[in-house]
Amino acid sequence: MIRIVIPILTFLALILGLTAFDRPGPKADFTFINRGDVSTLDPAIISWVQDNRVARIISEGLTRSDNFTDNFEVSPAAAERWDISADGRTYTFHIRKDAKWSNGDDVRASDWVFSWRRSMLPDLAGDYIKLYTMIEGGQQFIEWRIAAIKDFAPLAASMATDEERKASAESLWEDTLAKFDELVQLKSLDDKTLRITLVRPTSYFLDLMGFPPMFPVYPPLVRGFESIDPRTGLLKSRPDWTKPPQSITNGPFKLTQWRFKRDMQFEQNPHYWNRAALNIRTIAIPSVQDANASVLAFRTGAVDWVSDVVPTYRMEMLREKQEFYAQHAQQITQLRAQGLDPIEIDRQLPPDPRNTIHVFPAFGTYFYNFNCNSKLADGRPNPLADTRVRKALALSVDKQAVTQNIRQVGEPVASVIVPRGSLAGYQSPDGLGRDIAAARDLLTAAGYPNGKGLSIEIIFNKDAGHDLIAQVIAKDWERELGIEVRLSQVEIKVFRERLKNADYMVSRAAWFGDYGDPTTFLNLNRTGDGNNDRKYSSAAYDALLDQAELAASTEDRLRMLADAERIIVEQDLPLIPIFQYVQLYLFDPHRTTGISSHPRMEQQIHRVDLLDDAIGTNVPLMMRRGDNTKGGFRLQSIDNQQSGR
């Protein structure tokens with residue numbers, strides 16, 4: 001009863017909070033909970049899963065991967081077609097003639113030049129700036145800009161007046177634009193033709209073109225919110241352009257309302273080139289942080305989809321689904337024999353409330369970060385800079401206790417960062433098991449016999465049971481190694497800032513692959529990468545990643561990447577892999593289609609259709625085999641996916 005009462009009270013508080021000062025508008029055609037508030041919709045600095053999910057609603061890149069094909073088949077989006085040079089380095093994209101911004105203006109090839117130049121500026125400190133080094137001249141431009149900014153600061157400080165500083169900063173900006181044009185092989189040949197020349201052939205490049213950090217922005221709008229700092233020479237960008245009413249985007253929907261920690265509202269972009277294919281007119285994302293309230297919102301019909309099911313009783317929900325499956329075992333066997341995907345199997349079973357929770361393999365890993373800097377943020381020496389300490393901590397974690405006693409949803413223990421078996425042709429290293437004796441020996445060698453003198457803090461945010469996992473790991477370290485462990489729970493915004501500033505010792509972490517290649521995980525530990533929150537640096541590791549890109553064959557490349565992964569999961573341990581994710585969704589398969597079971601977890605909300613309304617085609621989408629010539633690595637076979645465990 002307590003479990004029921006608490007979420008009801010929480011949900012009522014949520015509803016009262018959203019409506020106390022507003023007259024409710026009409027219910028959106030599709031409402032979903034996007035666990036975690038959106039931080040930014042600026043492609044130059046976007047990074048988090050919930051941000052990317054919304055970005056795909058309002059914007060689109062040159063390509064889009066079909067999330068209803070098993071190999072994530074690349075398909076045209078803003079570009080209607082493309083040509084690839086014989087050497088695999090030059091891509092020429094042909095932008096659709098009817099591609100429009102939400103204000104009716106034409107989408108132009110030059111919009112990508114403006115957008116990517118902006119994203120390549122170290123000024124904005126984007127997490128994905130390294131992606132642009134695959135473009136010929138990209139690395140050189142970034143390095144030039146870093147040096148130019150470094151040289152400018154003392155020069156500006158020596159100037160007598162603000163007018164001098166302003167003129168000098170503007171001159172530097174003009175030099176920056178000229179240097180970009182000189183170095184970077186990203187060219188607008190005309191309004192509808194974009195040419196990109198890469199440093200070397202990149203098998204996943206077309207896949208990347210559908211990734212939100214590569215999306216375009218509307219230059220006339222963004223320029224109005226940018227300025228050059230006369231004291232530093234840096235480009236400063238205010239975020240207001242991403243918010244309504246001024247936001248202008250090129251995707252299927254436009255953002256009409258964004259109230260932080262309250263809700264987001266969307267309606268169709270009237271100028272979208274493929275508007276006729278949309279099966280919903282409006283979308284709503286209420287901000288619901290409480291896990292129990294999310295489930296209740298679904299069960300009461302307030303929302304159509306919950307993107308992550310994390311209440312403590314979710315294992316009971318899964319057991320109920322297994323009971324439902326047991327009652328229909330013969331029919332399920334027959335449906336699986338037909339090669340149907342798990343959602344379609346659920347759709348063909350009788351309607352039942354137990355059949356609304358779904359479990360799918362995910363292309364993601366949960367792990368613990370170690371701060372590898374020599375000193376902590378407060379200036380103290382960092383004991384985790386010693387590889388022996390990190391390895392000792394890694395060897396002493398009981399990962400099975402985390403997956404079986406805390407998570408309880410069938411997630412496999414991880415000893416590697418790239419999900420094992422997820423990418424065809426990639427042979428993962430073994431990783432480390434649990435070895436308490438070896439861990440104690442390493443700590444003694446590092447100067448901490450029986451953990452004496454070693455004190456560690458774990459930071460995590462209040463969400464998804466991170467606190468329970470931290471408690472298990474802390475007890476392992478205290479009991480097995482004798483070290484002192486402090487647990488620090490912080491708000492998500494504070495958590496993100498502390499990670500980026502390396503203001504922590506150990507933190508919880510997770511990563512879901514952005515594209516179908518091992519480097520989507522391995523680049524996280526490359527020196528200087530924007531997502532390298534561990535501040536780990538290894539010349540040997542970086543060299544293997546570089547050598548892999550020059551490999552003569554795919555087999556050699558994958559072998560070198562596996563050797564690189566071996567360094568971080570067996571030798572240096574900048575992180576501890578804990579488990580490989582499965583994803584839990586809540587939606588009614590008899591009512592909702594367009595939610596994909598693909599392990600990449602990329603949901604394209606513009607494909608959603610409510611099957612019980614009078615809008616759209618009301619035809620279910622089903623997973624299918626993709627064209628091998630139009631996709632990258634084939635991820636886990638759809639034959640092996642299970643909708644319940």
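Worth saying up front: this structure is predicted, and the values here are computed from it rather than measured. FYI, side chains are in, hydrogens and waters are out, and symmetry mates aren't considered; it's all heavy atoms of this structure.
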Tell me whether [X] is salt-bridged to [Y], with the criterion being a basic N under 4.0 Å from an acidic carboxylate O.
X: R624; Y: D70; answer: no
X: D346; Y: K321; answer: yes
X: E457; Y: R380; answer: no
X: K500; Y: D127; answer: yes
X: R526; Y: D542; answer: no

When you measure from the side chain of [X] to the backbone of [Y], do you find a donor-acceptor pair of N or O atoms at a distance under 3.5 Å?
X: K399; Y: P577; result: yes
X: R89; Y: L198; result: yes
X: Q603; Y: S596; result: yes
X: W477; Y: L393; result: yes
X: T403; Y: P412; result: no
X: N450; Y: G482; result: no
X: S553; Y: A551; result: no
X: D51; Y: S39; result: yes
X: E570; Y: G431; result: yes
X: S507; Y: I459; result: no

Pairing residues for F579 by the ring-ring contact (aromatic ring centres under 6.0 Å, His included) criterion, not counting sequence neighbours = Y366, Y581

Under the ring-ring contact (aromatic ring centres under 6.0 Å, His included) test, residues paired with F32 that sit two or more places apart = F30, W305

Side-chain donor-acceptor pair present, [X], [Y], cut-off under 3.5 Å:
X: D517; Y: T519; value: yes
X: D572; Y: Y536; value: yes
X: Q583; Y: D308; value: yes

Answer whether the closest heavy-atom distance between the side chains of [X] and [Y] falls below 4.5 Å.
X: I605; Y: R56; value: no
X: N369; Y: N371; value: no
X: L584; Y: L318; value: yes
X: Q571; Y: T387; value: no
X: S307; Y: Q50; value: no

Go through F363 and F521 one step at a time and tell me if the ring-ring contact (aromatic ring centres under 6.0 Å, His included) criterion holds.
-> CA-CA 10 Å; F363 193 40; F521 288 91; 5.2 Å; yes

Verify side-chain hydrogen bond (donor to acceptor under 3.5 Å, both in side chains) between R534 and N525, making sure each step is shown before the conclusion.
-> CA-CA 8 Å; R534 294 146 297 286; N525 292 291; 2.7 Å; yes

Answer with yes or no after comparing the ring centroid distance for Y128 and F211 against a 6.0 Å cut-off, counting only values under it.
-> yes

Of Y325, F587, Y585, the residue whose pairing with H358 passes ring-ring contact (aromatic ring centres under 6.0 Å, His included) = F587

With sequence neighbours excluded, residues passing side chain to side chain contact (heavy atoms under 4.5 Å, CB included) with D398 | Q400, A401, R434, D476

Please find the pair of heavy atoms, one from [X] and one from [Y], that lie closest to each other, and give the distance.
X: N52; Y: P212; value: OD1-CB, 3.4 Å
X: P342; Y: F360; value: CG-CE2, 4.0 Å
X: S422; Y: V418; value: OG-CG1, 4.3 Å
X: A446; Y: D386; value: CB-OD2, 3.7 Å
X: A55; Y: L41; value: N-CD2, 4.0 Å

Are more than 12 heavy atoms from other residues, nucleotides or ligands located less than 6.0 Å from atom [atom1] of [X]?
X: K462; atom1: NZ; result: no
X: E497; atom1: CD; result: yes
X: E491; atom1: CD; result: no

Let me see the working for Q604 and D66 under side-chain hydrogen bond (donor to acceptor under 3.5 Å, both in side chains), right down to the final yes or no.
-> CA-CA 9 Å; Q604 299 169 6; D66 187 344; over 6 Å; no

